[in-house]
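Position 1 is the first residue of the sequence, and the numbers go up from there.
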Amino acid sequence: MSAQFAEVTKHSNLHPKPPGLVLQYGTAGFRTNAKVLDHIMFRMGLLATLRSKKTKATIGVMVTASHNPEEDNGVKLVDPMGEMVTPTWEGYATQLANAEDDDLLMALKDIIAKEEINMSQEAHVFVGRDTRSSSASLSQAVLEGVSSLGGLNKDYGLVTTPQLHYMVCCQNTRGKYGEATVEGYYKKLCQAFIKLIKNASNCTDDQKHLSLDGANGIGALKVREMESHLGKELQISLYNDGSNGKLNYQCGADFVKVQQKPPTGLEIKPGERCCSFDGDADRIVYYYSDSEGKFHLLDGDKIATLISTFIKELLTQAGLNVNMAVVQTAYANGSSTRYLEETMKVTVKCTKTGVKHLHHVAQEFDIGVYFEANGHGTVLLSKSVEDKIQQLIDSPNSDDEKKRAALLLQNTINVVNQTVGDAISDMLLIEAILAIKGMTVQQWDAIYTDLPNRQLKVKVADRRVIDTTDAERRALSPAGLQDAIDALVKKYSLARSFVRPSGTEDVVRVYAEADTQESADALAHEVSLAVYRLAGGVGDEPKPLH
Ligand code: 16G
Ligand code: MG
């Protein structure tokens with residue numbers, strides 16, 4: 001044991017912590033400028049090794065900063081079933097990250113004692129990284145952390161975040177979920193996609209065409225790798241493939257969603273279906289421009305609606321009565337919630353922002369479709385639903401319609417990456433649904449009309465002064481802020497607004513929606529002013545948008 005710790009100290013000296021630097025394991029792990037992350041990476045290698053010993057399973061470590069600018073980086077841990085690491089261990093991550101060099105061993109031993117970790121247990125860690133220039137050396141630091149504690153590594157190199165989650169789940173289910181290789185991932189998803197698409201009659205080449213903005217990131221590389229598995233069933237024109245543009249710069253899912261405009265670098269032809277991935281390919285949004293050149297965005301809410309409608313119809317056809325819900329956050333457009341509840345009659349749940357919260361709630365249902373408006377989401381299906389579907393397929397008593405629906409459901413399950421939201425998997429599912437339903441992007445968009453909305457951010461001295469409740473839809477503090485928001489919302493029709501401290505950036509986020517864009521913009525601005533005045537705004541006062 002002491003020999004092991006001697007190794008840790010020796011290697012830790014090569015990854016010194018800048019004294020005094022304090023970082024938090026946030027909504028999606030550590031994320032900041034890549035220059036100050038080397039020690040964090042080494043230490044997350046140590047922590048993943050401990051987590052692996054504790055769970056007696058393979059743990060994942062992904063080096064990425066998703067949609068952040070190229071100069072940032074980040075890291076997050078993946079638990080055995082491919083889910084986000086459990087909250088207690090997020091706390092350990094923060095402790096370990098912030099221990100000064102001389103206190104590192106103590107912090108490590110503290111976790112070992114608290115969790116009663118058997119240090120002679122084997123450890124296995126899967127490591128992946130995105131295409132950032134800093135990712136190669138930072139992932140080396142993770143690998144060093146793992147091996148200095150005697151853990152065994154598998155370095156997957158360049159993979160999307162959801163691919164790494166998938167590998168971890170495959171490994172720990174001993175192949176039941178699939179083969180733990182990138183090739184195995186393409187095969188499973190593409191075979192299911194091709195089976196689904198066979199149910200689309202008369203699909204023209206035009207309908208098979210999709211323009212994709214790869215955000216100049218890992219998603220673009222991986223789509224290129226996958227293309228040969230798709231045959232001619234999906235024809236992708238890939239833009240922002242990383243060959244010359246800058247990662248996430250004026251492109252990618254986050255840019256398109258927040259700016260509500262097309263990415264640069266993608267040629268958008270009227271009526272044509274387009275989509276954008278984010279920098280680590282765990283988000284996707286769709287869009288098109290109409291004949292008048294007006295831009296239309298189909299975000300996570302539209303995607304959740306399309307997918308849940310499709311699944312609900314199949315369940316009805318298959319005669320399966322299961323408990324299904326759509327899980328959203330406060331950012332879900334009010335029109336989508338209303339449509340899902342009132343027209344589709346499905347249960348809608350609202351959770352705090354952040355994938356782990358949605359994932360957790362979705363798991364409580366037989367089928368949980370979860371999506372953040374920003375385009376991160378997936379479908380979770382319980383084992384019992386999978387079994388019922390298999391029984392229908394196997395039963396000699398099922399009629400043709402039931403069998404067809406059951407087969408479609410089964411292939412839907414196989415195209416989905418249930419471990420986490422996955423832009424590649426979501427894209428394949430959406431493309432299959434549109435083809436099967438013979439639906440154009442315009443028809444999909446017309447299912448309901450989004451309420452105009454606006455997101456803004458406000459700089460404050462300390463964003464922790466804002467405390468929220470009711471899935472972040474109401475502010476408990478500072479005093480008077482919620483009353484001010486309530487009074488402002490009353491001035492507009494169909495209006496809603498909320499504020500929350502960001503979990504990834506040092507700002508307060510403001511969301512507003514209303515019947516017109518002018519009203520949504522005005523409301524967002526007025527609420528920003530209230531935040532600035534009541535929550536300790538810094539810098540210039542927020543200015544009106546118009
Ligand atoms: C992270 C979250 C995402 C969330 C976003 C909110 C994961 C994997 N990602 O990107 O789900 O929507 O943070 O950011 O959990 P914010 O707190 O800065 O608004
Ligand atoms: Mg991402």
Practice problem: Would you check, one step at a time, whether the test side chain to side chain donor-acceptor pair (under 3.5 Å) holds for Asp301 with Asn333? | Solution: CA-CA 7 Å; Asp301 304 334; Asn333 196 279; 5.5 Å; no

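- Using a 4.0 Å cut-off between a side-chain N of Lys or Arg and a carboxylate O of Asp or Glu, Arg132 and Glu70 do not qualify as a salt bridge.
- The aromatic rings of Tyr370 and His359 sit perpendicular, their planes meeting at an angle over 60°, well past the 30° parallel limit.
- Asp299 is linked by a side-chain hydrogen bond (donor to acceptor under 3.5 Å, both in side chains) to Lys257, counting only residues two or more places apart in sequence or in another chain.
- At most 12 non-hydrogen atoms from other residues, nucleotides or ligands lie less than 6.0 angstrom from CG of Asp540.
- Judged by distance alone, the side chains of Tyr287 and Gln260 never bring a donor and an acceptor atom under 3.5 Å apart.
- Between the side chains of Arg473 and Tyr511, not a single donor N or O lies within less than 3.5 Å of an accepting N or O.
- For the salt bridge (Lys or Arg N to Asp or Glu O under 4.0 Å) with Asp506, the lone residue among Arg31, Arg463, Lys459 that qualifies is Arg463.
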Item to check | salt bridge (charged side-chain N to carboxylate O under 4.0 Å, His left out) evaluation trace for Asp486 with Arg474 | outcome: CA-CA 10 Å; Asp486 288 342; Arg474 298 191 66 77; 3.0 Å; yes

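- Aromatic ring orientation, Tyr288 versus His296: parallel (interplanar angle below 30°, classes split at 30° and 60°).
- Using modelled atom types and a 3.5 Å distance limit, the side chains of Thr353 and Glu472 yield a donor-acceptor pair.
- Applying side chain to side chain contact (heavy atoms under 4.5 Å, CB included) to Val458 and the options Val499, Ile466, Val527, Val510 leaves one that passes, Val510.
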Salt bridge (charged side-chain N to carboxylate O under 4.0 Å, His left out), that's the test. Do Arg533 and Glu541 meet it? Break it down for me.
CA-CA 9 Å; Arg533 287 173 189 156; Glu541 223 179 53; 3.5 Å; yes

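- The pair Lys208-Glu431 fails the salt-bridge criterion, with no side-chain N (NZ, NE, NH1 or NH2) lying under 4.0 Å from an Asp/Glu carboxylate O.
- With hydrogens and angles ignored, the 3.5 Å screen pairs a side-chain donor or acceptor of Asn411 with a backbone N or O of Leu407.
- Under a 4.0 Å N-O distance rule, the pair Asp366/Lys383 does not qualify as a salt bridge.
- Using modelled atom types, one finds a donor on one side chain and an acceptor on the other under 3.5 Å when comparing Ser66 with Asp278.
- Judged purely by distance below 3.5 Å, without hydrogens or angles, the side chains of Gln410 and Asn414 never pair a donor atom with an acceptor atom.
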